[in-house]
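First comes the structure, then the notes that go with it.
Keep in mind that the numbers below use all heavy atoms, side chains included, and drop hydrogens, waters and symmetry copies. Just so we're on the same page: letters track the sequence lines, and every chain starts at 1.
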Amino acid sequence: MRNHCLRLGLGLLLALAAGGSAHAHAFLDRAAPSVGSTLNTSPTVVRLWFTQAIEPAFSAVEITNAQGTRVDDGQPIVDDKDGTLLQIGLKALTPGEYRVNWYVISVDTHRTEGHFTFRVAR
Amino acid sequence: MHRNIASGIALAALTLHAATATAHGFAGDRFFPATVLTDDPFVADEMSLPTLIQNPNAVDGSKESDVKIDLAKRLTPDFGVTFAEQWKYATIPGTKATKGLGGLTTGLQYQLFIDPASETMALAGFQQNWAHTGRVQGAGAPDFTTLTPVFDFGKGFGDLPEAAAYLRPFAVTGNLSFDFPVKTQSNGKLHPNNLNLGFAFEYSLEYLQHHVKDIGLTAPFDRIIPLVEIAISDPVNRGMSGQLTGTIQPGAIWAGQYYQIGVEAILPINHRTGHGYGGLVQLHFFLDDLFPNSIGRPIFGY
């Protein structure tokens, strides 16, 4: 019985290992500037890639400084060619810590949100 | 200008929506996986099929393997029902192996609250393990019904200060429940009231990688959640007070878009629970992601 259970379990794992592409909750896949990073120069744009396509009308990102003041250009854009990419332009940033707040709805209407910080050193 | 207005409306709508309950174990930045041993603190449309369990050897030397199915379904965004059943295969030294269904367990769940800012959620529930819904002789299914009120909670530590940033991926979920068997004894066995406690201590690599610090993890490693689960059952009466049993289950959960896979070792906390070690594998499906427009959403109020 133990061997039977293990074989069944391993079989299921192998069968599913290649799966996983998706139209479900959109998780953050990667970001530029990267999460928790420190930059030597002010970035001009923040880019967020998600694990799947998001709805432009219901997805947004804003960048704030340590005082909570927005430092982005107020125009979040979902890329026309890559529906997983959400980006927003930045004003010139002075040294300090900045917070990225994002909210997205995936194409099948599931909502996720998150935040992270990055620093500009000089 | 139009884009500004649109994004403003979107942010406002999303902020308002954040105060409402959502399925799938999200509270703000935090994703709570469906834990194996500990009841989840959120209503959901999810299914575990199957959970394969090899239990540690029992005190009498018997060995039991289980195949378990769990289903959770939302009726409204905040209210759901659960069903659980398992098939057992047991061998006792010197006797013939026995097998059969255990008792059916059903439950009602109500999401008390979800607070995104503090990554906190809580749920109140009521479970019923039904008499004579499995093979009583041999498989040990109950010949008495047990009623169990349940309180479940989850707390993520994403609100810790910057100095403790690497502790932010930690989260804990927990259960508190109390068993009320409707028979005090049957077949010569006493059925005590039990106080049940359960905890799952999790460290989310997904949270670390995508909310705290990019440490270079990529798929599939950025979706792994190492955890330790603990469950304790403590009889409180009928001459069995203090005869505590329980297990500690270290392991990991990998959570993808449509499903998650959990693997845990099973270690008895004392000799009364068993000896040696066991293990389990669970395949768990997110029905709300698989079938977002049909069985994966609440029946009412969606």
Side-chain angles (χ1 to χ4, degrees), chain A residues 1-10 12-13 15-17 19-37 48 51-52 55-62 73-77 88 97 101-118, chain B residues 3-4 6-11 13-15 17-18 22-24 26 28-29 31 50 52-54 63 65-67 89 91 97 99 116 158 162 165 206-216 218-220 222-223 256-259 261 263 279-283 286 288-290 292-293 297:
Chain A
M1 180 63 188
R2 178 181 291 198
N3 288 339
H4 181 70
C5 285
L6 286 175
R7 278 200 298 271
L8 183 55
L10 287 173
L12 284 167
L13 293 179
L16 290 163
S21 68
H23 295 286
H25 287 85
F27 286 79
L28 182 65
D29 183 48
R30 65 187 191 281
S34 59
V35 175
S37 60
L48 307 175
T51 53
Q52 62 182 288
E55 285 287 351
F58 298 102
S59 301
V61 56
E62 63 178 38
D73 65 10
Q75 297 184 32
I77 300 169
I88 193 166
E97 184 172 273
N101 297 296
W102 57 264
Y103 312 79
V104 301
I105 287 185
S106 59
V107 292
D108 65 353
T109 73
H110 287 114
R111 180 184 62 87
T112 48
E113 63 185 80
H115 78 275
F116 64 87
T117 60
F118 68 86
Chain B
R3 205 178 281 276
N4 275 338
S7 63
I9 291 171
L11 276 171
L14 288 163
T15 303
H17 189 62
T22 58
H24 206 75
F26 283 101
D29 289 20
F31 165 67
L52 306 176
I53 307 167
Q54 177 62 55
K63 300 177 180 179
S65 303
D66 304 323
V67 180
Y89 180 94
T91 57
K99 54 192 173 186
E162 182 63 30
E206 189 279 328
Y207 199 100
L208 173 65
Q209 174 68 24
H210 301 304
H211 300 275
V212 178
K213 175 72 175 176
D214 184 342
I215 59 170
T218 57
D222 63 343
R223 306 298 289 270
Q257 298 291 121
Y258 291 129
Y259 58 86
I261 298 169
V263 179
L280 63 80
V281 178
Q282 182 184 76
L283 180 58
F286 304 129
D288 55 334
D289 286 330
L290 284 164
N293 299 312
R297 65 183 187 185

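Annotation for B:Lys99: atom NZ does not count as buried by contact number, only 12 or fewer foreign heavy atoms lying within 6.0 Å.
Nearest heavy-atom pair, B:Glu206 versus A:Phe27, reported as atom, atom and distance to 0.1 Å: OE2-CD2, 3.5 Å. Taking both residues in full, the closest heavy atoms of B:His211 and A:His115 are given as ND1-O, 3.5 Å, listed atom of the first, atom of the second, then distance.
Checking side-chain atoms of A:Glu113 against main-chain N and O of B:Asp29 turns up no donor-acceptor pair under 3.5 Å. When atom types are taken as modelled, the side chain of A:His110 and the backbone of B:Asp288 share a donor-acceptor pair closer than 3.5 angstrom.
Looking at A:Glu55, neither its backbone nor its side chain comes within 4.5 Å of chain B, counting heavy atoms on both sides. B:Gln209 touches chain A through its backbone: at least one of N, CA, C or O sits under 4.5 Å from a heavy atom, while the side chain does not. For B:Phe286, no part lies under 4.5 angstrom from a heavy atom of chain A.
To the nearest 0.5 Å, the span separating CZ on B:Arg223 from OG1 on A:Thr51 amounts to 6.0 Å.
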